[in-house]
Amino acid sequence: LKRYDESIRYFEKLSQNPKNKSPHLAQFYIGRILLEQAGEQPSAKVVAKVEAAFKRAIKTKPGFVDAYLALLFLKSLFEEFRYPWQAFKL
């Protein structure tokens with residue numbers, strides 16, 4: 001059973017909880033869930049949301065390598081499906 005919306009709400013709430021010592025992970029998982037929910041050819045709008053979630057994870061924890069790798073994966077999606085990829089700042 002895949003309950004994407006419920007999972008996203010859970011991680012959004014978790015990312016805002018001041019007692020959470022790893023809010024970067026919550027943001028990272030939001031991006032991962034959105035990407036999985038979108039399927040094999042996500043729209044540019046979905047990819048922008050995923051990118052934003054990964055960037056929030058990096059902003060929260062600048063050394064979080066998994067989020068950087070996820071952004072590189074997104075870039076490869078844009079190139080593979082010929083989405084207009086704009087340069088992004090890490």
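For the single chain, residues carry numbers from 1 onward in sequence order. Because only heavy atoms are used, hydrogens play no part in the values below, and waters and symmetry mates are left out as well, while side chains stay in.
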Query raised in the report: Say you draw a straight line from CD of E6 to CD1 of I33; how long is it, rounded to the nearest 0.5 Å?
Result: 10.5 Å
Report task. Give the intermediate values and the outcome of side chain to side chain contact (heavy atoms under 4.5 Å, CB included) for residues L35 and L74. Result -> CA-CA 9 Å; L35 197 55; L74 275 182; 4.2 Å; yes
Query - Shortest non-hydrogen contact between H24 and T60, atoms and distance - result: N-CG2, 3.9 Å
Query raised in the report: Which residues satisfy the ring-ring contact (aromatic ring centres under 6.0 Å, His included) test with Y29, sequence neighbours excluded?
Result: F11
Query - Minimum-distance pair of heavy atoms, taken over all atoms of A67 and A57 - result: CB-CB, 4.1 Å
Report summary line: Those residues at least two apart in sequence (or on a different chain) that pass side chain to side chain contact (heavy atoms under 4.5 Å, CB included) with Y10 are L14
Query raised in the report: In this structure, are over 12 heavy atoms from other groups packed under 6.0 Å from F73 atom CZ?
Result: no
Query raised in the report: Crowded around R32 CZ? As in, over 12 foreign heavy atoms under 6.0 Å?
Result: no
Report task. Quick one: do Q27 and K59 satisfy side chain to side chain contact (heavy atoms under 4.5 Å, CB included)? Show the steps, please. Result -> CA-CA 10 Å; Q27 288 299 327; K59 185 177 180 182; over 6 Å; no
**Report entry** Within residues 35-60 or reaching into it, pairs that qualify as ring pair (Phe, Tyr, Trp, His ring centres under 6.0 Å) - sequence neighbours excluded
**Finding:** F28-F54
Requested in this report: Looking only at non-hydrogen atoms, find the nearest pair between I8 and Q37 and report the distance.
Outcome: CD1-OE1, 3.9 Å
Requested in this report: Any chance you could measure N20, atom CG, to L25, atom CG, to the nearest 0.5 Å?
Outcome: 8.0 Å
Query raised in the report: Given side chains that start at C-beta, do those of R9 and D5 come closer than 4.5 Å, heavy atoms only?
Result: yes
